[in-house]
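What follows is one structure encoded as structure tokens, with my remarks underneath.
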Amino acid sequence: MLAAAALVGLLSAPAMAAAKKDPETRLAEKLEGRVAGEPVDCIDTHRVRSSTIYDKTAIVFEAGSTIYVNRPDSGAMSLSRNDIMVTKPTMNRLCSIDTVQMMDSTGFWRGSVFLGDFVPYKKAPEG
């Protein structure tokens, strides 16, 4: 029984260590090996496969081989990776003029985030 408890502790240690890293470090690790492109005003939501919130820092949208990073113009303090992001895209596009509502897991409003430009990151060419 004690060995099983120790094994569980070892398995969760990397996950706990990752959770303790500050959001800027986690974001830098996510973008490692990628190069930033010119910022764009909008992204097509039908291409977005997933999104990740980096506490009080940024929202990352994964769209195929491109990762878009949005550092909000205002309201970044409302970003929490434990919250749910509610968007109301216009014409299947999320744009820098849009506002995102943050809700906690029970559905209570936590704040509004005013999106900024979307910076695309693509894998750096090899060579």
Side-chain angles (χ1 to χ4, degrees):
M1 178 101 158
L2 188 55
L7 182 60
V8 169
L10 287 175
L11 292 176
S12 61
M16 288 175 29
K20 290 182 181 180
K21 291 181 183 175
D22 70 87
E24 288 290 351
T25 300
R26 288 181 33 246
L27 181 57
E29 289 172 354
K30 176 74 174 178
L31 299 175
E32 193 170 313
R34 293 181 175 271
V35 177
E38 288 296 316
V40 296
D41 289 330
C42 300
I43 58 173
D44 294 325
T45 56
H46 69 275
R47 295 191 61 229
V48 174
R49 293 184 306 189
S50 66
S51 61
T52 304
I53 298 169
Y54 290 79
D55 294 346
K56 299 178 172 112
T57 304
I59 306 168
V60 172
F61 299 90
E62 294 193 41
S65 62
T66 304
I67 295 175
Y68 292 92
V69 176
N70 190 292
R71 290 183 180 266
D73 285 339
S74 181
M77 295 307 286
S78 295
L79 292 175
S80 172
R81 66 181 165 172
N82 297 319
D83 287 347
I84 300 161
M85 182 173 53
V86 180
T87 62
K88 295 180 184 174
T90 305
M91 301 198 38
N92 295 322
R93 293 170 57 110
L94 196 56
C95 296
S96 59
I97 61 169
D98 290 331
T99 303
V100 173
Q101 302 299 316
M102 302 304 296
M103 308 291 244
D104 69 15
S105 60
T106 62
F108 285 102
W109 179 80
R110 294 211 350 104
S112 296
V113 176
F114 299 87
L115 297 176
D117 289 335
F118 296 84
V119 179
Y121 285 83
K122 296 186 181 218
K123 289 190 178 182
E126 293 185 26

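These numbers come from the heavy atoms of this one structure, side chains and all, not from hydrogens, waters or symmetry mates. Bear in mind the structure is a predicted one, so any value in this text is a computation, not a measurement.
Within the 3.5 Å criterion, the main-chain N or O of Gly116 finds a donor-acceptor partner in the side chain of Asn70. Side-chain atoms of Ser78 never come within 3.5 Å of backbone atoms of Ala76 as a donor-acceptor pair (strictly under, hydrogens ignored). The backbone N or O of Lys122 sits nowhere less than 3.5 Å from a side-chain atom of Thr66 that would complete a donor-acceptor pair. Side-chain atoms of Asp44 do not come within 3.5 Å of backbone N or O of His46 as any donor-acceptor pair.
Closest heavy-atom contact between Val113 and Gly75: CG2-O, 3.5 Å. Nearest heavy-atom pair, Tyr121 versus Ala36, reported as atom, atom and distance to 0.1 Å: CE2-CB, 3.5 Å. Scanning both residues, Met102 and Ile53, for their nearest heavy atoms gives CE-CD1, 3.4 Å. Shown here for Leu115 and Ile59, the closest heavy-atom pair between the two residues is CD2-CD1, 4.0 Å. The heavy-atom pair separating Cys95 from Phe118 by the smallest distance is C-CE1, 3.7 Å. Of all heavy-atom pairs spanning Pro72 and Thr57, the tightest one is CD-O, 3.8 Å.
Salt bridge absent: Glu62 and Arg34 never bring a charged side-chain N and a carboxylate O closer than 4.0 Å.
Interatomic distance, CG of Asn92 versus CZ of Arg47, reported as 13.5 Å (0.5 Å rounding). Rounded to the nearest 0.5 Å, atoms CD1 (Ile67) and CG (Leu31) are 6.0 Å apart. To the nearest 0.5 angstrom, Met85 atom CE is 14.0 Å from Arg110 atom CZ. Within the model, atoms CG of Asp55 and CG of Asp22 stand 10.5 Å from one another, a figure rounded to the nearest 0.5 Å. Summarising the geometry, atom CD1 belonging to Ile43 is positioned 11.5 Å from atom CG belonging to Asp41; distances are rounded to the nearest 0.5 Å.
With a 4.5 Å cut-off on side-chain heavy atoms, Thr52 and Arg81 do not count as touching. Taking the side chain as every heavy atom from C-beta outward, Ser51 and Phe61 approach each other to under 4.5 Å. Proximity of Tyr54 to Val69: side-chain heavy atoms (C-beta onward) are nowhere separated by under 4.5 Å. The shortest distance between side-chain heavy atoms of Asp104 and Asp83 falls below 4.5 Å.
Within 6.0 Å of CD1 on Ile97 lie no more than 12 heavy atoms contributed by other residues, nucleotides or ligands. Atom CE of Met103 sits in a crowded spot, with more than 12 heavy atoms from other residues, nucleotides or ligands closer than 6.0 Å. The environment of CD in Glu29 is crowded: more than 12 heavy-atom neighbours from other residues, nucleotides or ligands sit within 6.0 Å.
Val48 is connected to Val40 through a chain of hydrophobic side-chain contacts under 4.5 Å among Ile, Leu, Val, Met, Phe, Trp and Tyr, so both are in one cluster. Linking Ile, Leu, Val, Met, Phe, Trp and Tyr residues whenever their side-chain heavy atoms come within less than 4.5 Å leaves Phe114 and Val100 in two separate clusters.
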